[in-house]
Every structure is written in structure tokens, then in C-alpha cells.
Amino acid sequence: MKRKYTYPFLMMVAVTLIFLAERYLDAQEKQKYVEAGASVKSEDLDFFLPAATSNQIINHDYYTLEYSEEAEQASWVAYTLTKDQLTETNLSRPYFEIDPAVKTGAAHWRNYKNSGYDRGHLCPAGDRRFSTQAYNETFLTSNISPQLQEFNGGVWNRLENQVRDWARRYGELTIITGGLLKDPVDKIGEEEVYVPSAFYKILIRKDASGFTALAFLIPHSESDQDLKAFLVTIDAIEELTELDFFPQLDDATEAQLEASHSVTDWKF
DNA sequence: CTGGGGATC
DNA sequence: GATCCCCAG
């Protein structure tokens with residue numbers, strides 16, 4: 001009987017198939033890595049979210065927020081930032097969109113037009129440059145707050161840059177940020193979007209010795225002061241915002257974390 | 001990086 | 001409303 005395929009030929013086919021299979025699995029693995037690195041839905045983020053004060057908590061793909069219908073903006077926005085998310089891709093700024101996930105109706109960007117205030121990102125566009133989808137998602141009106149340009153482009157931008165430096169240094173951190181909505185200094189547009197009197201930012205990360213957190217509260221005005229001048233306790237922010245941060249931590253850890261600021265754990 | 005506004009179709 | 005161009009801190 002005539003043999004159709006020689007042994008060397010079959011070997012070659014087998015080797016080729018193994019090679020292709022390995023390459024495929026490798027690509028799958030890389031894809032998984034990209035997705036894991038890009039996703040904000042880490043267990044850590046869920047673990048660090050503030051306690052709900054309404055039913056308007058919205059999980060976007062790359063950040064989570066709670067919307068205040070009265071203030072027409074988020075009361076907090078939370079996301080996890082990892083070192084590998086900080087890329088330098090060139091993306092063009094999209095148009096701001098009304099967040100369709102806000103059931104009561106998120107504010108229209110027109111409220112901000114010629115108001116004298118910037119559309120200030122809460123989850124910065126600069127932290128979500130690792131994909132077009134992630135970047136565009138920060139341009140929802142549920143993720144912005146009216147900010148003076150001197151504030152947004154000044155001291156607040158310095159803080160955001162410092163946060164990016166910390167993400168590069170420490171690998172991963174979770175950030176919760178928002179404005180003080182209680183006694184707005186102004187209301188803009190037809191929808192009367194609140195203009196916060198100050199903005200806060202809370203950072204937490206996990207290292208070998210446990211959790212370490214840092215909190216900033218910056219008045220809504222221009223400032224050349226060192227960022228350290230705006231350090232406060234998380235307790236202080238809780239009192240002003242009436243939010244409860246880190247409710248899932250055990251009470252002792254929560255109390256310790258919220259009462260102090262561990263400046264020495266964070267290299268300025 | 002953080003943003004703005006006008007002109008045009 | 002979307003896009004392109006030019007602007008400032």
C-alpha cells in the first residue's frame with residue numbers, strides 16, 4: 001500500500017501545529033493581561049468604595065461613581081490606577097456626553113458653556129489614556145464638576161500629576177475624588193449645577209505592611225502652596241461630605257486609617 | 001497636562 | 001452637533 005504521508009512530513013505538521021497553538025495561547029494570555037491591567041473592576045476597587053447614600057451608584061467600565069441629582073454631578077468618583085495604565089497615546093478629546101446610565105438625567109454640558117467655569121474631570125482623562133474607550137468614558141457629564149481654570153489647571157492639576165507619579169512608584173492605588181456639595185459657592189446653567197467650595201481626593205494602597213491612605217482637601221481657588229499644606233484626615237472629609245469611606249475595612253483599621261495621615265508612606 | 005472659543009457645514 | 005483651528009496657564 002502506498003503511504004500518502006511520510007513520517008518527516010507528519011512531524012513537520014505536528015511541530016507547526018504546536019507552534020501555532022503556543023502562539024495563540026500566548027496572544028490569549030497577553031490579551032488577558034491587557035484586560036486585567038486596564039480594568040478598574042478589581043476586587044480592590046469594590047473593596048474600597050464608599051458606603052452608598054443613594055441608589056445612583058453607577059459602574060462604568062473604568063470608574064465608578066455616585067450621582068447627586070440635586071448637585072447635578074457625582075458626589076464621588078472612584079477608580080483604580082495602575083502603573084501600566086499610564087501610557088502616552090495621542091488621543092483627541094471627544095465631545096462631552098450626558099451619562100445615559102444616570103436614571104434621573106445627568107447634566108447637559110451646556111450648563112458649563114460661558115459659565116466662567118471649566119468642565120473639570122473628576123476621574124482625569126490623563127489617567128485613562130490606555131484605550132480609546134477608557135479615555136472617552138471620562139467625557140461623560142457625570143464625571144465633571146465646575147472648576148475655575150486657575151484651580152483646575154493649577155493646584156488641582158499638580159495633585160493629579162502627583163497621583164500619577166505615585167501610581168508609577170507604587171504600582172497601584174485607588175483614588176476617590178469629588179467636590180464638597182453642601183454649600184455651593186454658585187449654581188450654573190439651567191440645571192443649576194452646583195459649584196463646590198472645595199474638592200477632595202483620597203488615596204489608598206496596599207503594601208506589605210497593610211493599608212496606607214492619604215487625603216487632600218483643597219479650597220476651590222488658585223494656590224501656589226505646597227500640596228502638603230492641603231493634607232487632612234479622612235475623618236475630616238467624612239464630616240464635610242457626610243460620606244462613609246472604607247466601610248468594608250475592619251473597624252480598627254478603618255479608624256486608624258481615617259484618623260491619621262501617614263505622610264511618611266508617600267514620597268512627595 | 002489642564003482647559004477654552006469661534007467658524008463652518 | 002461634529003470638526004477643525006488656534007488660544008492660554
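The sequence lines fix the lettering, A, B, ..., with proteins before strands; numbering per chain opens at 1.
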Open item on the list: Please list, in numerical order, the residues of residues 99-116 of chain A that have a heavy atom closer than 4.0 Å to any atom of DNA chain C.
Closed with: A:Trp109, A:Arg110
Task: Residue-level proximity of residues 193-205 of chain A to DNA chain C when a heavy atom falls under 4.0 Å - done: none
Task: Footprint string (nucleotides 3-9 of chain C, 5' to 3'): B base within contact, S backbone only, - free, heavy atoms under 4.0 Å - done: B-----B
Task: SB check A:Arg205 A:Asp207 (cutoff 4.0 Å) - done: yes
Task: N/O donor-acceptor pair under 3.5 Å between A:Ser54 side chain and A:Gln56 backbone - done: yes
Task: Under 3.5 Å donor-acceptor, A:His108 side chain and A:Arg110 backbone - done: yes
Task: Rounded distance (Å) that lies between atom P of B:dT2 and atom NE2 of A:His220 - done: 16 Å
TODO: Specify the separation, in whole Å, of atom CG of A:Asn143 and atom P of B:dT2.
DONE: 11 Å
TODO: Measure the acute angle between the ring planes of A:Phe47 and A:Phe211, then classify it against the limits of 30° and 60° as parallel, tilted or perpendicular.
DONE: parallel
Open item on the list: Measuring from the side chain of A:His121 (C-beta onward, heavy atoms only), which nucleotide among B:dG4, B:dT2, B:dG3 has the closest atom?
Closed with: B:dG3
Open item on the list: Is it the case that the ring center of A:Trp76 lies less than 6.0 angstrom away from the ring center of A:Tyr200?
Closed with: no
- [ ] Mind checking A:Glu160 for me? I need base, sugar-phosphate or nothing, with any heavy atom below 4.0 Å counting as a touch.
- [x] sugar-phosphate
Open item on the list: Count I, L, V, M, F, W, Y as connected when their side-chain heavy atoms are under 4.5 Å apart, and connections chain through other members. Are A:Leu159 and A:Leu81 then in the same cluster?
Closed with: yes
